[in-house]
Amino acid sequence: MVSAWAAFLGVCLILGVFLTPVFWLLYGGFYTFLLFVFGTVAVLAGHRGRRRGKALGGRDRGTALLGILAGWGLIFFGLLLVLAYAGLMAGLAVLVDSAS
């Protein structure tokens with residue numbers, strides 16, 4: 001269940017980024033850090049839940065798998081945000097350099 005909650009919180013962060021662009025501009029680094037944290041928690045708890053579900057005869061293994069997949073999605077989205085930010089900064093540096 002922890003993996004599902006971590007994945008849910010991470011998805012809520014992604015929705016918050018798209019729904020509140022002003023907050024993204026102010027707290028973007030914090031949001032991205034939380035994406036990595038929630039993604040890592042979801043992946044680790046999902047793997048533990050799959051192992052525990054196997055010992056319990058397959059109970060809640062699907063929820064754990066959902067947590068694993070959503071966790072990797074959150075980590076991927078966080079990396080995409082970091083790359084987009086780096087590309088934005090590189091593009092702005094080229095523009096400033098060419099203007100002077």
Side-chain angles (χ1 to χ4, degrees):
M1 240 10 218
V2 172
S3 63
W5 274 108
F8 173 74
L9 290 174
V11 170
C12 287
L13 277 173
I14 292 172
L15 291 175
V17 165
F18 285 116
L19 296 176
T20 57
V22 172
F23 289 124
W24 170 251
L25 291 173
L26 294 173
Y27 307 110
F30 184 65
Y31 279 166
T32 305
F33 172 73
L34 286 179
L35 282 177
F36 283 116
V37 169
F38 288 144
T40 303
V41 169
V43 169
L44 294 175
H47 280 293
R48 184 171 182 204
R50 294 276 293 175
R51 228 173 313 151
R52 185 174 178 200
K54 188 175 182 180
L56 294 175
R59 184 172 171 219
D60 290 334
R61 289 189 72 184
T63 305
L65 180 61
L66 176 68
I68 292 170
L69 294 175
W72 280 114
L74 292 173
I75 292 171
F76 175 74
F77 189 75
L79 286 173
L80 203 62
L81 285 174
V82 168
L83 289 175
Y85 182 75
L88 176 68
M89 290 297 114
L92 288 175
V94 168
L95 285 175
V96 168
D97 189 42
S98 66
S100 57

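Keep in mind that what you see is a predicted model, and the values were worked out from it rather than measured.
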Under the criterion side-chain contact (heavy atoms from CB on, under 4.5 Å), which of Leu80, Leu81, Leu79 is the partner of Thr32?
Leu81
Same apolar cluster: Phe36 and Trp72, side chain cutoff 4.5 Å:
yes
Please list, chain by chain and in numerical order, all residues satisfying ring pair (Phe, Tyr, Trp, His ring centres under 6.0 Å) with Phe8, sequence neighbours excluded.
Trp5
Atom CG in Leu56, atom CZ in Arg51: separation rounded to 0.5 Å?
13.0 Å
If two hydrophobic side chains count as joined below 4.5 Å and joins carry through other members, does Leu34 share a cluster with Leu74?
yes
Separation between CG (Leu83) and CG (Leu88), nearest 0.5 Å, reads 12.5 Å
Here the gap from Tyr31 atom OH to Phe38 atom CZ, rounded to the nearest 0.5 Å, amounts to 11.5 Å
Compare every heavy atom of Gly46 with every heavy atom of Ala64, then report the nearest pair and how far apart it is.
CB-O, 3.4 Å
Tell me if a side-chain donor or acceptor on Arg50 pairs with a main-chain N or O of Arg61 at a distance below 3.5 Å.
yes
Pick from Val43, Val37, Leu44: which one makes a side-chain contact (heavy atoms from CB on, under 4.5 Å) with Thr40?
Leu44
In short, Gly67 meets Ala42 closest at the heavy-atom pair O-CB, 3.5 Å
Verify same cluster id: Phe30, Phe77 (apolar side-chain graph, 4.5 Å):
yes
